[in-house]
Each structure stands twice: as structure tokens, then as C-alpha cells.
Protein chains: 2
Amino acid sequence: MKKRFTILLMSLSLGAFAQKKDASLVQYVKPIIGTQRMGHTYPGATVPFGMVQLSPETDTVSYELNGKYNPDVYKYCAGYQYDDKTIVGFSHTHFSGTGHSDLGDFLIMPTVGQLKLNPGTADKPGSGYRSAFSHQNETAEANYYKVKLDASNITAEMTTSTRVGFHQYTFPKSDQSHIILDLMAGIYNYPDKPVWTYVKVINDSLIVGYRQTNGWARTRTLYFAMAFSKPFKQHGFKKYDARQVYGGFWGKFNQSKNFPEIAGKQIRAYFDFDTQEGEKIKIKFALSPVSMDGALNNMKAEVPGWDFDKVKKDGQKQWEDELHRITIDGDLTTKQNFYTSMYHTMINPTIYMDADGQYKGLDQNVHKAEGFTNYTTFSLWDTYRALHPLFNIIHPERNADMVKSMLAHFDQSPERMLPVWSNSANENWCMSGYHSVSVIADAVVKGNAPFDANKALDACVATARKRSYEGIGEYIDHGYIPNERSGISVSSTVEYAYDDWAIAQMAKKLGRNDIYEEFIKRSQNYKNVYDASIGFMRPKNLDGTFRKEFDPLSTHNAGFIEGNSWNYSLFAPQDPEGLIKLMGGETRFVRYLDSLFTMHLPDKYFAETEDITRDGIIGNYVHGNEPSHHVAYLYNWTSKPWKTQERVRMILPLMYKPTPDGLGGNDDTGQMSAWYIFTTLGFYPVAPGSDQFSIGSPAVNGAEVKVGKGKTFKITVKNQGPKNVYVQKIELNGKPYNSLSLSNADIMNGGNITFYMSSKHK
Amino acid sequence: MKKRFTILLMSLSLGAFAQKKDASLVQYVKPIIGTQRMGHTYPGATVPFGMVQLSPETDTVSYELNGKYNPDVYKYCAGYQYDDKTIVGFSHTHFSGTGHSDLGDFLIMPTVGQLKLNPGTADKPGSGYRSAFSHQNETAEANYYKVKLDASNITAEMTTSTRVGFHQYTFPKSDQSHIILDLMAGIYNYPDKPVWTYVKVINDSLIVGYRQTNGWARTRTLYFAMAFSKPFKQHGFKKYDARQVYGGFWGKFNQSKNFPEIAGKQIRAYFDFDTQEGEKIKIKFALSPVSMDGALNNMKAEVPGWDFDKVKKDGQKQWEDELHRITIDGDLTTKQNFYTSMYHTMINPTIYMDADGQYKGLDQNVHKAEGFTNYTTFSLWDTYRALHPLFNIIHPERNADMVKSMLAHFDQSPERMLPVWSNSANENWCMSGYHSVSVIADAVVKGNAPFDANKALDACVATARKRSYEGIGEYIDHGYIPNERSGISVSSTVEYAYDDWAIAQMAKKLGRNDIYEEFIKRSQNYKNVYDASIGFMRPKNLDGTFRKEFDPLSTHNAGFIEGNSWNYSLFAPQDPEGLIKLMGGETRFVRYLDSLFTMHLPDKYFAETEDITRDGIIGNYVHGNEPSHHVAYLYNWTSKPWKTQERVRMILPLMYKPTPDGLGGNDDTGQMSAWYIFTTLGFYPVAPGSDQFSIGSPAVNGAEVKVGKGKTFKITVKNQGPKNVYVQKIELNGKPYNSLSLSNADIMNGGNITFYMSSKHK
């Protein structure tokens, strides 16, 4: 006991010390967190919201196996799996934490010895260009990744600027040193995915090209410019296209070596060098969504020179500045979790435009972003919940630019809809709802709307009235999506209802009463799929009866997406009071919540879940997926708010650890991490689109949040600890505060809040 | 006899009358000439050098049959064969007169009744959307084509502006009227040729999209905008892609009808209407090499309204103006041949840029043409001979812009070479030589060089020194291309030698003596492949011996391209004196020429020839291909120039007739027609790059050639007729003229020449 006490004291004093001395917060960022199992994060280099994500691939698994979906592909959503023993190369684009994928563009691998243009297999590393590696020889920092490749003894280092990946390879002495550029490789790859590829050699140290793919993004073209620090002595291409009908007169040239260009579907390139022992060959690899010239310009604009350390340092400085938006007082584990979460919230969405503001639009035309930064990679079903609300606090300008990007998307959309899942000038319609409206409403309601809010509202309304999309027509006509119309009729119904409420809030703020009336009415539709006879949300048939086959624990073909009825029945964040009433009053509701967290979920149901590990489930509460992210806070609407405090403090250490397997589910482009940040600070946006945050239990000793305009929201937490999770009292700006809800204005005006914690609940 | 004399008189007086009265020359243009058999011209609508060539396809034959080359494809180079009985639709891009092909983009077909999305087969027209038609119901004029489609009773009319095809379909009464847009169809098509296609429906009367193909042009993307004069009541797409691995979440929409977009490899679209009897549905179809927005802008810029007749009239006015650059006094047949030839010389090259000057470059970047009009479709092996020299006289500005386009091509070329065959932002390297240098030298030597001539010379030299291209390295080292290196070693050697001479002439004019010396020496290399022991050019081995297997009549695997040794042995247009000496002096040379024109070519050799009909050969003189186009003029370098006069007057009526089968070989983007024009006027550019024209026998009674700067070169021909083909005397500007050579200055300064003709040679 004594020993334990001492440790606690030490960690407290260390925390206070660190709070004063932490000039560097980057030191706490561990990109390796979440790279094992289901986190689907990647360890490689990127700057905040960077267009380049330069990271190792530990395998290139095909989406197909014998013409069918290959389930093994799933674990390679981010290209890297911690348990793997080999690296196949380093590619320039990655999603962070997704549960479906794409990207992995432009894989580069350095080798020595006999040239091998195939990756080879993991069980036989020598069979191709891949190499064994070990985590002992690996370093992953914010904007820096380093690994030794055992096969070649090459040390690979990488860093980035927004649009340029910077490689530094330290070679052994060899007259057979190679850089391989694999233009066929990709994440979630299959033979027809590369639609067209072009490479042009401008001179012996500069090439340009592009790759057009047909994947999750239906038509995605990414251009590149690749500069070498040392001229290659020769180069070559190999084309693997299944058939070539017409070769024309290209045969007039001997194209086997040193030919200046190639085009086709399946292409690999190699560049040969003589290297001295310890000689560094550096590569600058710039991307552009617009053109090869755009990529060249991006390279010139961002990385004109060859100073690897400077680029690394500049990028880490960017991270440092962004991380400093919130400083916390906590122990090392908390800091590693917290700042890695901060890091993970600033990878996606990604900047999607050239240095000169040009970008490819959803209409496949080139546009110029006038007065805003254009973003893509909007995984909105995930991120509307906490990530964008977090942005509204610590990145208000970026969040406004993201909304502007969404509005540009709307303008360019053939369907005239706001983004559902925006993927590099493409819409992939992934997941349910139309949650752009939540993001926009949240920004408007909170006064962070430096755009035409009325036009934005019109776009929201147009999206929500799109009858031909995923049952919206039936939803409007019947107040719910009939089971016959959709396999996820209940999820969609309750999510639409929430989104409609968000529209109503925005309309109210803008004085658009007719729209308010229409949508506030629609926001009650969640009730229409509640089966009071059994106390669960349940698929409802067109004739008004509930579907017969029903198991509230099942997620498979049960009317829900990434969640079962037990979890989804709690999805009415816009109306907890109404929900509680619907579900039979407070007593029954609390019992329901308690059961959720404590019941035993049989393994057969876990087998049906997606995107989470077994550890990602507490009882039947699924934290590894998003639909229940607000659930622990729902006790606040009952007489037992201390249960919220208890639950969130239980969830935090179970679901977030500073280890490779530290994430209990897909990070989902930062949503899991945003939940961590809010919850650790002591409040959470249960219903984005309101200006209120629900108070939980702060898990730090203190924090300062820069909220813009030079203001700081200061959080002081007295007597907090692993056991002292209950809030005894709160003072806001020095005065007693008795609400469980914190307003946006309270935060954004600066000021300070003090929590007094205890090991006993009130 | 008497009757004949009367007719002759009538035709002469008609001719004189016409000369005075011909306000319209368009009336003599018969686009149908050359559409039967080997002419490979098309009957559809285009404006001079227009980017759109809107013309019917009578079949869509695949380049492949059971995985092998399908020889039937060849006759559909221009999409239309006069002997065919059905039309499959009307597409927007066509080459004129080529012997290989591509294009046929965006096939449109109107139908009524049950929707059929497949073209069906010619033997069963009802099996698809194709329709029978007859020439009785067909009209083909410059910039106007009309045909009745028997299957539907629809009258189809079409006209164009530079970048917009304008369709007008007169429908019967039907509630099942359709417009089909087939985005899979194409000329020289095969399953993998469409790489990617996108269509977006902006509203119920406007769509945009693009089509990317991998054909003769390796990577060609053409964008379009399509406007309907009447809203369609519904539309649909059908996708024929062999496999679709990943459909994503697009299934949230019912995409079967009225979905606003589609993307894939193989796509057809249809648009449905209700029509009244005689109701016209008009379509404006704009193209752009740059973007969909570019196509929309082109439509706005060129055809803002819906007045079909105005667009037709404006285009025909353009033709009228261009045709009036040369007015002739001749009989109807001559006028039809002449003005159709004029027409055929002004179809290719084609303008290749948007109305705002933007175009896709060979480097696949978007460029802006600053201070010039950008052209493509340079079939230079054909056109350097007479077409570009003709342009230097009657289109000097256009020719200068074409040179500027070639120089831009050079700048954008990964190989750093001038164009060989420029095809829509692509190089297809078709045929032999590097004849851009001839075009550039001709312009420079003739003083039509409003560009940096020294830079142009550098580009010529860089091209001619490109060692890795088609034996140039060996040619430089050995003075000829060894037989081992190339299957067309002799053609290429003699053509390089001519091109080198052209470079030397340009260098001389620019005072670049070192270059002059290098290339004037190279220009004699043609002698190195002459086998004096047999009197023919002959493939020569690396060791200096001549290849054993050799047949001077054969074109198959004999060291030549599109010509046998009999014809190619005369290819030294830069040095007829040297050639005559080489071939044993004048007597033997004249005998050789006489034999060429009079010998009997056994059928087995004809079977080996390409691109010509049996009628395209006179003896063993092959007029339907280009290598001998200068040959009839070579008598001018002997003591028997009257034989030139006799030969050319024999060739003219045999090879040019005002009938569908009137061309004895591929028109080759106007080269055949340019030969006709020069020869008919009485002179020919035997060696472009010199400032001299060789005098033949004018086949008109007079002509006026507008040579720019308000000047006119006037040709008067006294006593000319079918028998009076011999030139008795010439007066230039009123003074006796005894040379057989006319200088460029004599023509371009204006002035007049009078030929006195006779039935007897001097």
C-alpha cells in the first residue's frame, strides 16, 4: 500500500513538473499505437492533415482471391500490421484507421543485388523485393519513420511536407543498388484496379507520371513528380498488362532500358545506382490531384532543397504547434494516449489541393479553392460525432474550410448531395445517414460559419430530401424506412432522424421556420422503429408490422450497420428525454444501460461484429464502433450521472493503451481518438448541432485548451485519480456550477472550470 | 466527231462562264468522292481543319477477330464504306484518307420503337439500332450531311462548327423515340480500347463526359458536352464491363433509370422522347481535349443557339472562303475534282485546342497555345511532300501555326523528337523518316517562318541525331541502316538522306555552317544503298554486302515500306542529277522511268501493296501510295521534260474521278489531293525545302491563286485540252520563260504565268 502511494505521489509530481516543462509534446506521440490488430492506423510519416502519408506496407494482399472477396485484405487497410515480419515497400497515401480501404499509391522499395521486380511472398522474403525487418530497428515518430531492411542492410528513413514525401535510403557499398517504383501495388488492390498509368523520365534524376484507379474511389487519378538526389545510372520499366492488342510503331525504339516513357495498366519501374558504403540516396516524391506539373510545382514550393533533417524538423514543428492546442497535466501513459490521440485526430481529413489551390472536383473538373483549403477523406458517419466538434474548438478555421469543401462537393455532385464519404474527388457513399448536415449544423449553431449559412442549409435540405437515396423517399412518406427497402432500415431511420434534428437546429438559428418545422418533426421519426412490446428498435415492414425474425444481439442482416439493436436502440442523441420516456422511464432506462455494459455477449455475436477486437466490447457495449459513442453519457439524463462518470473512466483505460494493440477498434479517421480527448478532458458532444457538451469525468489533473482568438479554456481537476473518478462539485469561472452540461460559449470565451473529484459518487 | 467537238466547245464555254460566275465553289465539293473502296475519306460534315468531323459509320468492325488482327477493319478507317447498306450511327471524329485508324468517338443514333442498345449486324439490320439507308436519300456537302434512316423513317442531318457537331433528327410520331449515345463504339475498336468513360447528366437536356482510349494514340482522352433541344423524358445507362469487382455503396441508389452519372470501361446511354410527326430533335455535341468544362465553353463560344441552318451556312461560308483561295477555269469534272481536292486538303491536320487556347500536350499536361493555333493529325510521311508546300502558298499562317504546333510537340516530347505522326496529344511513330524537318525547312527556306527558326533547326537536328530511333545510330555510323537493324532499312535510309538535305538547306539559310556541312554530307547517303550491279536500291547488310534475297518488285519484307525497290530506287528528290548519274546516266534513267510506267506488275505483287486499289497502279508506278509522287516530274532533269507533261496528264484522269470510287488509293490526309492541285495548276514541289517547283502540264484553262498579302498568282493556259498536254512555251510576267522550274518568289510575289499548250511535244 505504501509503495503504491509513493508511486502515485511521484506520478502526480512528475505530472505537475511535466506540465510546466513540456516544450515538446511530439515526444508523446507514438504512431505505432493502433498498428496491431484492429486499430488500422499506420506508423509512417505525415504532417497535420497532409496530402502525403508516407508509410511502410508490410504486405500487399489482394482484395480478391480466386475471383472472390479475400477477408485477409481487411487487416491491411492501413498497409501495415505490427505482427508482420516483412516490409514490401513505402507508399505515399494511407487512410488512418478505416475499416475499408483504397490508396497505397506509388510503392517505393530500395534493394541491392540481383534485381527482383516482384514483391515475393512473406514466407519467402528472398523471393522478391520485400525484406524482413524487426521492431528493434524501427522508429516511428510524428512525421518520421525509420527502419532497417534486413535483406539489403539499407536504412530507410522518411519524412514529409504537406504534398511531398521525402525518402532517405542509406545503402551499403554495391554496384547493384536499386530503387523500385511499383505502380501496380496498392491497398485493397485487384487486377483491374489500376486503370491507367503513365511515367515520363524528364532526366536522369527526375520523373513524373500518374496513376488512375478504379477502387473505392471509382475514378481516382493521382499525379506525381519524383526527384532523386543522385542521378541513376540506368532505368527500366516492366509492363504486366494482361494483353496488348496494338503496339503501334513504338518498336522502332529499343524500349528495354532507359526509354523515357511508358504507359499501361500494370507497370513497375526501377532505377539503378552504384553506391558507396553508407551512401545516402534521397528521393522527393510530390503528389498532385491535378497534374504532373502540379506535382512539380508542389515539390518546388514545399521542398526546394535536399535537407532531410530540415523537412523532418519543419514537419515536427507543425505537429508541435498543433499538439500545443491542448496541454494536459497527466501521467506518462495519459500523455502518450492523449497526444497520440491528438495526432490521430489531425491526420484525416486530408488536404486535397495543390500549393496553388487547384484541385480535382467531384465533377472531375479542375477547380481552384478560392479563399479556403480544400479537404477530402471525410468519413462522416464516424467523424460527425466528436471529431468535427473537436475541430470547432481547437481548429475552427480548418473546420470551416472542411465545411466549405463539403459545400464545393455539393456543388460538384451529380446527385446534388453533400458528402457521405468523400474520397479524393469521389463519393463512395459508405455507411449510413447524411451526416454532413450534422457537421454543418454544429458549425452554424456554434457560430463558426464564415460561409453562406443559408446556402449551406439549402444544401443540407436538398440532401435530406433526396428521395432516391437509401430509402429517404419512404422515410419521408412513412416516417421510417421499411424493412423491405433496406438491409439497414433501422440504423438509417434513427440516423436520419438525428440528422434532421441537426438541420432543424440550424434552420432555427437562421430563422428559417418552415424548414425548422419540417425537420424537427422528422427528428422524432426514431420513435417509429421502436417496438414497445419488446423494448428495442426493430425493423418495421411496409405494412406497419415489425419484422418477425429478430434478435437484438445480432448485427448480421438485422436492419443495422456496425451495431446491434441493443446498441442502436439508444441512438437518439438529439432527444435523450424522449428516448427515456419511449423506453419506459428512467428506471427501466438505467437498467437497460447497466445491462448493456455488464451483460455477457456470446461469442457467436462477436463473430458478426466489424472493425473491433474482442477487447473492443465491454459487456455488449461496443466502443470499437461508433454508434454507441454517446451512450455512456446518457446517464446524465437520469438521476444517476455518476454512472456516466464511472463508465467513461472504465472505458478509457480499457480502450486506449499506449501500445501497438492499444486501440480496441478502428480509429476511424480520428473519431475514436476524439472520443478519448473529449472524455479525458471531462466533457463530450452528445448531440453535435446543439451548443452543449455533456459532462463526464476528467482523467487529467488539468488542461489548457487554446480556443482561438488568444483565448484559453482552462481545466483544473482536483484530487483526480484512478479511483477518484466521481465529480463532487464544479466551479465555472470561480462560481459553483450545478449543471451537467457545458455550453460552447463557456468554452470558447475562455475562462476556467474546476472539477473536484472524489472516490465516492454523490 | 462533230458531236464530240460540240461537247468540247460547250464545256469550254461553260468553263469560261463558270469562271466568271462561280460565286459558290462549295457546289463543286463532293465529299462522297473517295468513300468507295480505298479512298478512306468520309462523307460527313466538318469545317476547314475542324476539331469535329461528324460523319456516319456504316459499320463498327473490330480490329480483332478471335484475338487476331481482323483485315476487314481496314476498309473502315474513315467509318464509312459506300457499298454498305446500313448505317450504325454518327460519330464525331474521323481521319480523312488514312491507312490505319483510331477515333470514331461518341456514336449517336436516333431510333424509334423498342429500345435496342446493340448495333446489330449488317445482314440483320433489325437486330440492333442500325438502319438501312440508300444513296438516293443521302446528301453530302461540305459541312452538311443528310440521310434518311429507313428503319425509323428518321431524317438525320448534321453540320458542324470547329468544335461542335450539330445534329438535327426529324422524327415520326412516336412515344418511343430514342437517342442512343454509344460510348463503346469506335473505329479500329477492340475490347480493351476504351480505358475509361464517364458521363454526367447535368439536367434533362445537357450531359457531359469523357472517353479515354488506348489505341493508335496510346493515351487519348476526349471530353464532350451534349445539349438537346428538347428535354428527354427519361434516360438510362448500360454498362458492359467484363467484370466489376467492387461496386461500393452505389447500390443505395436505384441506378437503372435517370441516374445522373456513370463511369466504367464500356458504356452506352439512351435518352427517350415523345415526338410528333416531323418533330425535330437537335443535338449540339461539343468536344474538348482538355475538360468537360472546356467542351461546355466551346459550345457556348461557337454555337450558343439552336439555329441549324445558321451553323450549316456559317460553316459553308468558311469553306467558300477557303476554296476561293484558288479559282480555276475548267470543266465540271475538273472543278469537282479540283474543289473536292481543295476540300480534302483542308480537313487534316485538325485544330486541337479549346476556344480559349488550352490543349492537352504530348506530355499529357494542359498547355495554352500562346499566339498560335495548335494542330494535330500530322501524317507527315504523306503530307510533307505536297500538302505542306501547298499550305505555304495558300495558308501561310496556318502552316506557320502547324510548325509552331510541331515545335510545341518537340518541347513536350519525352523522346525530344519532332512529330512523326501526331495523333491528339500522342505520337504513334507511324511510317518512316523524320519528315517534320522537311516541313520546317520548307517554311524557313520559303521565308514563311514567324517562329524562332534557329530553335526550330535545333529541334530538327536533335531529331535527326536521335541514335536510338529506327536505325539512326547505325545510319550515322555507317551511312546507311543495315538490313539487320530494320525491316525497312532502304526506305528509311533514302528518306533520312532527303530529310538531312532539308536540314542542310535550312542551316544554309540560317548561316549555321557546321550543321549544313554535317547534313549535306548525310544527304548523299541514299547512294549507299544503291546496288550498281543490278541498278536498284537494295537492303545492305552490316558487313557492306547486299542482302541476297531480293526482288525489286516485292514490297513484302523487302526493306521498304509502302513501295517496292522499283519505285523507291527513284527516291532522291533532293538530288535528281546525282541519282541519274548513279543510275547510269540519262538514257538508262529515262528507260527506267518509262519502264516503271509501262511494265506489267503481276498480280502477286499487287497483293502485297497497301492502301491502294488495282487502279491505283499505272504499270508499276504506284500513285495510290506516296513514295513516287515526285517521280513523274523527274523527266524534267533529263532531255525529255515532255514526258513529265505526258505522264502527269495521264495520271490525273486515271487517279482522280468525281465519283465515290474516284480515288485510286488512300487520300492520306490530303496528300493525294495536294498532288492533284499542284499538278492541275502546272507545277509541283519535287523537293520541299528548296524554293523551286518543277513545271508539269496545267490541266485547267486558267487559275488564280491568292498567295497572301493581297497578291494573286495568275495562271493562264492557252489551248489546253485532253490532247493538248504539252507545254510549247511559257511567259512569266509577260516575258518568255525558258526554265522548267518556277521559284517560290515568282509565285508569292504575285504576277502571272502563261502556258501555251500543244498536242505535240517539243
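Residue numbers start from 1 in every chain, and the chains themselves are labelled A, B, ... in the order their sequence lines are given, proteins ahead of strands. Atom set for the values below is all heavy atoms of this structure, side chains included, hydrogens, waters and symmetry mates excluded.
Only the side chain of A:Y198 has a heavy atom closer than 4.5 Å to any heavy atom of chain B. When heavy atoms are compared at a cutoff of 4.5 Å, A:Y210 approaches chain B solely by way of its side chain, counted from C-beta outward. Residue contact with chain A, scored on non-hydrogen atoms closer than 4.5 Å, is absent for B:Y223. The contact between A:S432 and chain B is made entirely by backbone atoms, counting heavy-atom distances below 4.5 Å. Residue contact with chain A, scored on non-hydrogen atoms closer than 4.5 Å, is absent for B:Y188. Neither the backbone nor the side chain of A:R416 comes within contact range of chain B; no heavy atoms are under 4.5 Å apart.
Heavy-atom pairs under 4.5 Å with chain B were tallied for A:V195, A:N258, A:N254; the largest tally goes to A:V195. In terms of non-hydrogen atom pairs under 4.5 Å with chain A, the most contact-rich of B:R485, B:Q212, B:K68, B:K193 is B:Q212.
The side-chain hydrogen bond (donor to acceptor under 3.5 Å, both in side chains) search around B:Q234 returns B:D272, not counting sequence neighbours.
Rounded to the nearest 0.5 angstrom, B:I262 CD1 and A:R218 CZ are separated by 7.5 Å. Going from atom NZ of B:K265 over to atom CG of A:N214 covers 5.5 Å, rounded to the nearest 0.5 Å. Residue B:W216 holds its CH2 atom at 7.5 Å from CZ of A:F249, rounded to the nearest 0.5 Å.
Nearest approach of B:S468 to A:F253, heavy atoms of both residues: O-CD2, 3.7 Å. Summarising the geometry of B:W250 relative to A:E427, their closest heavy-atom pair is CZ2-O, 3.5 Å, with the distance given to 0.1 Å. B:K252 approaches A:W429 most closely through the heavy-atom pair NZ-O, 2.8 Å.
Contacts between residues 287-299 of chain B and chain A, defined by a heavy-atom separation under 4.5 Å, are made by B:S291, B:M292, B:D293. Residues of residues 200-209 of chain B lying within less than 4.5 angstrom of chain A, judged on heavy atoms, are B:K200 in numerical order. Heavy-atom neighbours of chain B within the stretch residues 359-366 of chain A, taken at a separation under 4.5 angstrom, comprise A:L362, A:D363, A:Q364, A:N365.
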